[in-house]
Asker: 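Before I ask anything, let me first share the structure, which is written out below as structure tokens.
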Amino acid sequence: MRPTFTPRRYLMCPPAHFKVTYSINPWMDPSKPVDLALAVAQWEDLRDRYRALGHTVEELEPRPDLPDMVYAANGATVVDGRVLGAQFAHPQRADEAAVHLEWYRAHGFTEIREPEHINEGEGDFAVTESWLLAGRGFRSSPLSHPEAQEFFGRPVIGLDLVDPRYYHLDTALCALGGDEVMYFPAAFSPGSRAALARLFPDAIIAEESDAAALGLNAVSDGLHVLLPQGAVGLFEPLRERGYEPIGIDLSELLKGGGSVKCCTAELRPA
Ligand code: ARG
């Protein structure tokens, strides 16, 4: 399939109150200073690039007591206009889930499910044409996978994450378009690696250095792939497949363990 652009609708949350005051993943070091003004400027640059490409970006109001809210991808999963709410693994982020659900209720979404099991939204769910890929091992409960399959009516493929640096699926794998993906095999258990190789024999395989730059934490609109600029090794393989990679500098948000995808929830229409 040739890469094809389709305009998207995204939900983002400005990092007005972003800070690293606790550590719930190996990237977070509360002793390292964060430049808030720079974080805001980098985030605005990402938002403005989406808009310049023709996408709609909605903004969620940040809350001062929820410093990780900038990682809006974790707040829910939206497929076919249906919203599966999140339930966070750590108490520090628990209250984000309700803020997201409230936003969806206020914006005309009617098919909304409050989750029974822990799932961190698109942090652990990735949507391809045929499948809903679902990560487990660090955050989302394996029980959230059948819950998502039942709610969305899409076949779920459960994938075991084994490296704490790649604690969410979206740090280790990116859906590019159709059933095309790029991923970092070492982040997955041997069985999940074998399953990925069967499902995606033509996938772009990321090197360690690109994965460590959070290069897989990328957003594709079917043609443009916005990804951390440090993941230099991914640009050429993407171009070879007809995608247009766009490097993004989110150095400050990397300090919380997230990048482009973490900041971007996609509202997939019915
Ligand atoms: N500090 C946040 C956490 O550990 C980062 C979340 C990143 N988001 C993502 N979609 N991977 O929960």
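Counting starts at 1 for both ligands and their atoms, in listed order.
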Asker: Are any of the N or O atoms of His168 closer than 3.5 Å to those of ligand 1?
Answerer: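 Such a contact does occur with ligand 1.
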
Asker: In ligand 1, which numbered atoms sit nearer than 4.0 Å to a non-hydrogen atom of Gly257?
Answerer: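 Near Gly257, the atoms of ligand 1 are 7 (C).
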
Asker: Taking the six-membered ring for Trp and the full ring for Phe, Tyr or His, determine whether the centres of Phe125 and Trp131 are under 6.0 Å apart.
Answerer: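 No.
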
Asker: Looking at Glu58 and Arg51, is any side-chain nitrogen of the basic one under 4.0 Å from a carboxylate oxygen of the acidic one?
Answerer: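 So Arg51 does not pair with Glu58 through a salt bridge.
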
Asker: Within the side chain of Lys255, is there an N or O that forms a donor-acceptor pair under 3.5 Å with the backbone of Pro33?
Answerer: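 Answer holds: yes.
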
Asker: Quick check: Phe109 with Tyr104 (ring centres under 6.0 Å apart)?
Answerer: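 Centroid separation for Tyr104 and Phe109: below 6.0 Å.
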
Asker: Of the choices Asp68, Asn74, Asn25, Asp124, which has the non-hydrogen atom that lies closest to atom 6 (C) of ligand 1?
Answerer: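 When every heavy atom of Asp68, Asn74, Asn25, Asp124 is considered, Asn74 comes closest to atom 6 (C) of ligand 1.
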
Asker: For Met28, does its backbone N or O pair with a side-chain atom of Ser23 as donor and acceptor, under 3.5 Å?
Answerer: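 The answer is yes, because a donor-acceptor pair under 3.5 Å joins these two groups.
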
Asker: Does the ring centre of Tyr50 sit less than 6.0 Å away from the ring centre of His224?
Answerer: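 Here the rings of Tyr50 and His224 have centres that are no less than 6.0 Å from each other.
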
Asker: What about Gly123: any of its N or O atoms under 3.5 Å from an N or O on ligand 1?
Answerer: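 Checking ligand 1 against Gly123, no N or O pair falls under 3.5 Å apart.
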
Asker: Just to confirm my output: which protein heavy-atom neighbour is closest to atom 9 (C) of ligand 1, and how far is it?
Answerer: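 Ranked first by proximity to atom 9 (C) of ligand 1 is Cys262 SG, 2.5 Å.
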
Asker: Using a 3.5 Å distance criterion without hydrogens, assess whether the side chain of His107 forms a donor-acceptor pair with backbone atoms of Trp103.
Answerer: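 Side chain of His107 to backbone of Trp103, a donor-acceptor pair under 3.5 Å: yes, one is there.
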
Asker: Return the option from Lys255, Arg93, Glu96 holding the heavy atom at the smallest distance from atom 3 (C) of ligand 1.
Answerer: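 Closest candidate by heavy-atom distance is Arg93.
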
Asker: What atoms in ligand 1 come closer than 4.0 Å to a heavy atom of Gly256?
Answerer: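 The list of qualifying atoms is 1 (N), 2 (C), 5 (C).
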
Asker: Counting only heavy atoms, which portion of Glu122 has something under 4.0 Å from ligand 1: side chain, backbone, both, or neither?
Answerer: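 The answer is neither; Glu122 stays 4.0 Å or more away.
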
Asker: Tyr167: heavy atom below 4.0 Å from ligand 1, yes or no?
Answerer: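 Yes, Tyr167 has heavy atoms under 4.0 Å from ligand 1.
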
Asker: As an exercise, identify every atom of ligand 1 less than 4.0 angstrom from a heavy atom of Asp170.
Answerer: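 Those of ligand 1 that fall under 4.0 Å from Asp170 are 9 (C), 10 (N), 11 (N).
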
Asker: Looking at Ser192 and Asp160, would you say the former's side chain and the latter's main chain have a donor-acceptor pair under 3.5 Å?
Answerer: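 Yes; judged by distance alone, with no hydrogens or angles, the pair exists.
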
Asker: Hey, which atoms in ligand 1 end up nearer than 4.0 Å to a heavy atom of Met28?
Answerer: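 Once the distances to Met28 are compared, the set is 1 (N).
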
Asker: Any heavy atom of Arg139 closer to ligand 1 than 4.0 angstrom?
Answerer: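 Yes, Arg139 has heavy atoms under 4.0 Å from ligand 1.
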
